[in-house]
Amino acid sequence: MTVRAVVILMLGTQIAVTAGVLTVLAGNHWTVAVLVAGGAFAGTIAFARSVIG
């Protein structure tokens, strides 16, 4: 695995966890938090791949 791939995956994971935790703290159910985290992960990966190039 390249350093670029590791950085992109690490960034995506951090953003996804943050989004999920903030969703739960906002009072939503954990299943909603998982869906939000998945969307945040996918969006971050797509964005980071285009920026880190």
What distance separates [X] [atom1] from [Y] [atom2], expressed to the nearest 0.5 Å?
X     : Y     : atom1 : atom2 : answer
Leu11 : Ile45 : CG    : CD1   : 7.0 Å
Ile8  : Phe47 : CD1   : CZ    : 11.0 Å
Ile15 : Phe41 : CD1   : CZ    : 11.5 Å

On a heavy-atom basis, which atom in Ala16 and which in Ala40 lie closest, and how many Å separate them?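 For Ala16 versus Ala40, the nearest heavy atoms are CA-CB, 4.2 Å.
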Between Ile52 and Arg4, the two heavy atoms sitting closest are O-NE, 2.9 Å
### side chain to side chain donor-acceptor pair (under 3.5 Å) partners of residues 22-34, not counting sequence neighbours, each pair once
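Counting only pairs at least two positions apart or across chains, the side chain to side chain donor-acceptor pair (under 3.5 Å) contacts touching residues 22-34 are His29-Thr31.
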Could you pull out all residues at least two apart from Val21 that satisfy side chain to side chain contact (heavy atoms under 4.5 Å, CB included)?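 Val21 satisfies side chain to side chain contact (heavy atoms under 4.5 Å, CB included) with Val17, Leu25 once adjacent residues are dropped.
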Would Val7 end up clustered with Leu9 when hydrophobic side chains under 4.5 Å apart are linked, directly or stepwise?
yes
Using links of under 4.5 Å between side-chain heavy atoms of ILVMFWY residues, direct or through other members, which residues join Val32 in one cluster?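 Via sub-4.5 Å side-chain contacts, Val32 links to Val36.
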